Number of protein chains: 2
Amino acid sequence: SLELRNTVKEYDGGGETVRALADVDFSVAPGEFVAVVGPSGSGKSTMLNTLGLLDVPTSGTVRVAGRDATTMTDPERTRARREYVGFVFQQFYLIGNLTALENVTLPTVYHDDPDAEERARTLLDRVGLGDRHDHTPDELSGGQKQRVAIARALVNGPDVVLADEPTGNLDRDTGEQVLGEFAQVTERGVGLVAVTHDPQVAEFADRTVRIVDGRLTEASGEAAN
Amino acid sequence: SLELRNTVKEYDGGGETVRALADVDFSVAPGEFVAVVGPSGSGKSTMLNTLGLLDVPTSGTVRVAGRDATTMTDPERTRARREYVGFVFQQFYLIGNLTALENVTLPTVYHDDPDAEERARTLLDRVGLGDRHDHTPDELSGGQKQRVAIARALVNGPDVVLADEPTGNLDRDTGEQVLGEFAQVTERGVGLVAVTHDPQVAEFADRTVRIVDGRLTEASGEAAN
Ligand SMILES: Nc1ncnc2c1ncn2[C@@H]1O[C@H](COP(=O)(O)OP(=O)(O)OP(=O)(O)O)[C@@H](O)[C@H]1O
Ligand SMILES: Nc1ncnc2c1ncn2[C@@H]1O[C@H](COP(=O)(O)OP(=O)(O)OP(=O)(O)O)[C@@H](O)[C@H]1O
Ligand SMILES: [Mg+2]
Ligand SMILES: [Mg+2]
């Protein structure tokens with residue numbers, strides 16, 4: 001459902017070129033849960049942003065639903081992303097003056113969607129925020145904000161969910177609640193790629209890939225570090 | 001060095017009153033490393049913000065270096081905080097158009113400090129960011145931003161460091177590097193309170209306290225959950 005082929009991503013930062021992804025091949029199938037692990041600064045968020053069409057690779061291709069996204073125009077890429085991908089960002093990026101409920105329904109305003117609010121409320125309840133629908137982000141804890149971001153990623157019933165450190169601000173029990181939600185989602189044929197430093201998340205995955213200095217290796221079966 | 005006595009903190013959020021801290025007694029001594037654990041939403045960040053004089057309690061007292069901070073004026077409280085506390089925020093709060101180095105030296109601009117830059121560079125090197133001094137926050141990974149925030153908290157040689165989820169975006173090895181830095185700091189008599197979901201951090205601590213629904217219990221000795 002989403003694929004990287006020979007993907008390279010270079011940045012200019014601090015006056016030098018950083019090769020964040022160095023010739024990466026990767027794919028996630030419908031219903032598959034892949035964990036991505038690796039040291040801080042190794043390229044995990046870059047990989048997710050490229051897969052999720054938020055960032056254009058320096059070279060190589062990104063395929064979404066069989067089409068090459070690198071040949072799309074920006075509006076086409078944006079449409080493909082909205083239709084196809086749900087994103088949980090490493091730093092959440094909630095809208096400050098909207099409530100939790102409004103933040104979760106935000107991806108649904110681009111089309112006619114009468115049960116968006118009901119779905120949003122259900123998702124918020126299911127990640128343990130039943131009593132926080134009307135709180136704004138600065139009235140929420142770090143982990144609560146993270147859970148709002150997770151609910152928002154799921155509200156449009158995407159085909160693939162890309163989650164960057166989804167349990168990073170959660171205690172063990174709350175993290176398990178979120179993983180239970182993800183398991184339900186993949187059972188319905190949604191693909192899930194979760195970047196994580198949390199061994200608990202990697203355990204739930206069907207396979208694990210490791211990235212070091214922008215290079216990918218399979219780590220499936222062995223304990224993720 | 002820092003103390004809470006009968007501290008209560010209530011918020012008005014989502015149209016209701018949230019009792020985030022419910023009569024908390026807590027103290028951290030010079031050179032002591034205390035871990036604070038507990039479920040998402042339990043009051044950990046609120047406790048840290050209150051201890052660090054960023055937030056005024058609803059009732060009860062906060063004592064810093066023997067003085068009652070709740071009777072101070074806002075400018076007095078700000079001065080006490082700058083002099084006494086180093087803070088690592090759960091969401092970093094780096095300044096977007098400043099480099100890593102400039103972010104780390106920011107707490108030093110209020111007074112004459114000719115070796116601030118040198119200390120900042122040393123700290124950045126010691127948290128593994130030797131090659132990222134000139135990157136701005138959007139040219140840094142999540143874990144790299146976190147490490148800049150950690151270096152910034154240490155640059156003024158504070159008496160107490162309050163760290164909210166300091167290893168939340170770090171892999172195991174980078175996390176250990178940061179904990180090594182914290183160990184050096186406490187050896188020099190600095191107190192450290194670290195809110196964490198990471199058992200690795202709690203292991204390093206001299207004692208662990210647990211907070212649930214705004215209430216504190218000791219959990220020293222037993223495995224933190
Ligand atoms: N400004 C506010 N208005 C209303 N409620 C608030 C406000 N700030 C925090 N809260 C609530 O107070 C409680 C404690 O929040 P706090 O941020 O201290 O939790 P936490 O233990 O740090 O959680 P996490 O592990 O998720 O970071 C939460 O239930 C939160 O919803
Ligand atoms: N805009 C940019 N300009 C320059 N370098 C960048 C830029 N964005 C990211 N980088 C660098 O690219 C590398 C990969 O960054 P990325 O955010 O993908 O890492 P990560 O694996 O997600 O790390 P973490 O676990 O800390 O979140 C890092 O070394 C980072 O400094
Ligand atoms: Mg990242
Ligand atoms: Mg918190």
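Because the structure is a prediction, the values reported are computed rather than measured. Here is the naming used below: chain letters follow the sequence lines, and residue numbers restart at 1 for every chain.
Ring geometry for Phe204(A) against Phe33(A) counts as tilted: the plane angle lies between 30° and 60°, on a 0 to 90° scale.
For Lys44(A), no part sits under 4.5 Å from any heavy atom of chain B, backbone or side chain. Of the two parts of Glu16(A), only the side chain, counted from C-beta on, holds a non-hydrogen atom closer than 4.5 Å to a non-hydrogen atom of chain B. Contacts between Glu165(A) and chain B at a heavy-atom distance below 4.5 Å involve the side chain alone, from C-beta outward. Neither the backbone nor the side chain of Ser45(A) comes within contact range of chain B; no heavy atoms are under 4.5 Å apart. Looking at Asp198(A), there are no atoms closer than 4.5 Å to chain B (heavy atoms on both sides), in backbone or side chain. Only the backbone of Asp131(A) comes within contact range of chain B, with heavy atoms under 4.5 Å apart.
The line from CD of Glu139(A) to CD of Gln144(A) is 11.0 Å long, rounded to the nearest 0.5 Å.
Annotation: maximal heavy-atom pairing with chain B below 4.5 Å, among Asp12(A), Thr174(A), Asn169(A), Thr167(A), occurs at Asn169(A). In terms of non-hydrogen atom pairs under 4.5 Å with chain B, the most contact-rich of Gly168(A), Gly128(A), Gly142(A) is Gly142(A). Between chain B and the residues Ser40(A), Ser141(A), Gly143(A), the most heavy-atom pairs under 4.5 angstrom are made by Ser40(A).
Distance alone, capped at 3.5 Å, is enough to place a donor-acceptor pair between the Asn103(A) side chain and the Leu98(A) backbone. In this structure, Thr7(A) contributes its side chain and Thr61(A) its backbone to a donor-acceptor pair below 3.5 Å. Side-chain N or O atoms of Arg210(B) include none that pairs as donor or acceptor with a backbone N or O of Thr217(B) at under 3.5 Å. A donor-acceptor contact shorter than 3.5 Å is absent between the side chain of Asp115(A) and the backbone of Glu118(A).
Judged by distance alone, the side chains of Glu10(A) and Thr58(A) never bring a donor and an acceptor atom under 3.5 Å apart.
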